[in-house]
Structures are given as C-alpha cells and as structure tokens.
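Letters go in sequence order (proteins before strands), and every chain restarts at 1.
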Protein chains: 2
Amino acid sequence: MRRQTRQRAAIQRVLLAANRPLTIDEILVKTRDIVATIGIATAYRNVRRLVDDGWLAAVEIPGGPVRYERADKDHHHHFVCLTCNRVFEVPSCPTDLEQMVPDGFSLDHHEVVLYGKCSDC
Amino acid sequence: MRRQTRQRAAIQRVLLAANRPLTIDEILVKTRDIVATIGIATAYRNVRRLVDDGWLAAVEIPGGPVRYERADKDHHHHFVCLTCNRVFEVPSCPTDLEQMVPDGFSLDHHEVVLYGKCSDC
DNA sequence: TTTCTTGCAAAAGTTTTGCATCTAA
DNA sequence: TTAGATGCAAAACTTTTGCAAGAAA
C-alpha cells in the first residue's frame, strides 16, 4: 500500500516547481526548505519510488550525476552549457532518426543531448 | 613527462582490440590477461589519463556504467538493444540538429543514443 | 491499532589518494 | 640516477539497508 507522507509530498512539490532536471542533492537541499529534517535515505527512497511509479524520469547527462524530472512532460531533449554547466530543455527533436537505424534493427525510442554555450554565457 | 609502461600499453592493446565500448571492470579483467598484477588504481589512473590525452572517449549509456572506446573512431552514435542489452555503433548522424538549438545558444557537439531491437533479437 | 515510512547509522559499492617501492629513460 | 608510475591499503564518495521509533489510515 502507498501512504502519503509529508516528505514525499515535499519532494513532489520541489520537482513540480523545477524548470530543469535536478540531482538528488539539489532535491534534498530544496526539499529541506519544506521539511527541514528529511534524511538523505528518504530522498533516495522516494525518488526511486517515484521513478518506479512513473512519476519521475531519470535524465542521465554524460559527465554529470543522474538528474530527475517529471515524467509527464512533452517529449523533449537537453542542452548542456559547457560554460555554466546548466541543463536546459529543448522542445524539438531530430526528424531523421530512422535513417540512422541499421538494417534489420527497429527503433523504439531515443535520447539526444546537445552541448554548447547558452545565451547567458 | 609521460613515461611508457607495460600497464598502459596493455590497456591500450585491450581497447584497440575491442569492438564495443568497455567498462572499467571489463578493461581491468582483459588487461590482467596481459599484465596479471595490474591493480585497480592503475586501471582508473590510466583510463583517466588516456581520456585526458584524447586517446579514449567516455561513452555514457543511460542506465549503465561509463564505458570507454578509442577516441579516433569516425563520428558515430550508439544503438542499445533493449532485449540483449548489447551496444552497437551507428555510423550515421542526424542532419537537422541545428534547428533544435534555442535562439542565442551555440552548438558545439552532440550525443545520440538509439534504443530498440537489434537484428538478432 | 496496524503497518508503512522515516531518520539515523552502519554497510556496501565505487573511485580517488597517500606513500613506499619500482622502473623507464 | 631520478622523476614518473605502480600496487596496496586507506580514505572519500555515493547509494542502499537494518532497525527502532514515528505517523498515516
């Protein structure tokens, strides 16, 4: 059975308010503004559970720790600024991925990460 | 100054012979066939150095450990078979990535990972 | 109440570092 | 010779787990 707790609700609030994928550490720090005493094990446990439940999606950006974002966002990709290291969402998508698929292979889904400089840097 | 050692040479031989990206652990096991006494710290140190020197490239496939492959390969991406979990190289590349870049941002490089079913599965 | 969840601390897993010894040049 | 590299063990991190106490329902 799934029980609603202040801790999980706080984590969900943090991720609903985030406009970019957050690391476990960022989630923990921000959640402590709401529930000051939350422990790191609880953060890990709830994030894992939210991923299992399909509420969160893990975003792995090469060269950095795993980040998490809500799973209900529209399909998108990520742009990593090489100067400030921030991760931005990119709403569009390559249109010609099928031509990349080798003969006999079938494509299910894909991930694209762009690297460069953001408009602030 | 850079000194040539049996250990680093062995690691390089292993990666020259590999036809797919290898994890640290795979590198260590295979290298021990050549230099049986190599320690894990030496494997980590040399892999890091080879990456810094631009001889190796790190390949991060979401959901798995970091893998390494020679950096001098032609530009390519990776296809992960969701059934057998093998990682294949894909020689082609999306052609319309520029249209994904937000206004004011500039693109340096990119990574694409395709997921699906390989021809064997 | 009951039983799921939390917070702490210990454990487990991974990567890095300190240091005496070894070795390539 | 001598400075860089190695191998071991300890340290530093990151993530998971055990368990007594706390809190949803």
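For the segment residues 44-53 of chain A, residues with any heavy atom less than 4.0 angstrom from an atom of DNA chain D are, sorted by number, Tyr44(A), Arg45(A), Arg48(A). Remark: Thr37(B), Ile38(B), Gly39(B), Ala41(B) in residues 26-41 of chain B come within less than 4.0 Å of DNA chain D through at least one heavy atom.
For His110(B) and His75(B), the gap between ring centers is short of 6.0 Å.
Defining each end axis of the helix from dT1(C)-dA25(D) to dA25(C)-dT1(D) as the rotation carrying four pairs' C1' atoms onto the next four, with five pairs an end, the two axes are found to diverge by 30° to 10 degrees.
Shown here are the side chain to side chain donor-acceptor pair (under 3.5 Å) partners of Asp52(A), two or more places apart in sequence or in another chain: there are none. With sequence neighbours left out, His78(A) forms a ring-ring contact (aromatic ring centres under 6.0 Å, His included) with His76(A). By the salt bridge (Lys or Arg N to Asp or Glu O under 4.0 Å) test, Asp74(A) pairs with no residue at all, sequence neighbours left out. In this structure Thr95(A) satisfies the side chain to side chain donor-acceptor pair (under 3.5 Å) test together with Asp96(B), sequence neighbours excluded. Every residue two or more places apart in sequence or in another chain that forms a side chain to side chain contact (heavy atoms under 4.5 Å, CB included) with Val101(B) is listed here: Phe79(A), Leu114(A), Glu98(B), Phe105(B), Leu107(B). Judged as a side chain to side chain donor-acceptor pair (under 3.5 Å), and not counting sequence neighbours, Arg49(A) has no contacts.
Considering only heavy atoms from C-beta on, Lys30(B) comes within 4.5 Å of Leu22(B) through its side chain. Put simply, the side chain of Cys84(B) reaches to within 4.5 Å of the side chain of Cys118(B), judged on heavy atoms. Within the 4.5 Å cutoff, no side-chain heavy atoms of Val113(A) are placed close to those of Val112(B).
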Atom pairs under 3.5 Å, N or O on each side, protein against nucleotides 20-23 of chain C: can you list them with distances?
from	atom 1	to	atom 2	distance (Å)
dT23(C)	O2	Arg3(B)	NH1	3.3

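Across Lys73(A), Arg20(A), Arg67(A), a single residue satisfies salt bridge (charged side-chain N to carboxylate O under 4.0 Å, His left out) together with Glu89(A), and that is Lys73(A).
Under a hydrophobic-cluster definition in which Ile, Leu, Val, Met, Phe, Trp and Tyr are linked whenever side-chain heavy atoms come within less than 4.5 Å, directly or via other members, Tyr44(A) and Tyr68(A) are assigned to the same cluster. Val90(B) and Ile61(B) end up in different hydrophobic clusters when Ile, Leu, Val, Met, Phe, Trp and Tyr side chains are linked at under 4.5 Å.
In summary, contact between chain A and DNA chain D, defined as any nucleotide atom under 4.0 Å from a heavy atom of the protein, begins and ends at dT14(D) to dA25(D) in the 5' to 3' direction.
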Please set out all donor-acceptor pairs under 3.5 angstrom arising from side-chain atoms of residues 3-16 of chain B, sequence neighbours excluded.
from	atom 1	to	atom 2	distance (Å)
Thr5(B)	OG1	Arg8(B)	N	3.1
Arg8(B)	NE	Asn46(B)	OD1	2.8
Arg8(B)	NH1	Arg3(B)	O	2.9

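Between Thr42(A) and dG7(C) there is a side-chain N or O to OP1 or OP2 distance below 4.0 Å. Put simply, Gln4(A) has no side-chain N or O that comes within less than 4.0 Å of OP1 or OP2 on dC4(C).
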request  = Just do the side-chain contact (heavy atoms from CB on, under 4.5 Å) check on Asp108(B) and Leu82(A) with the steps written out, would you?
outcome  = CA-CA 9 Å; Asp108(B) 182 76; Leu82(A) 296 171; 3.8 Å; yes
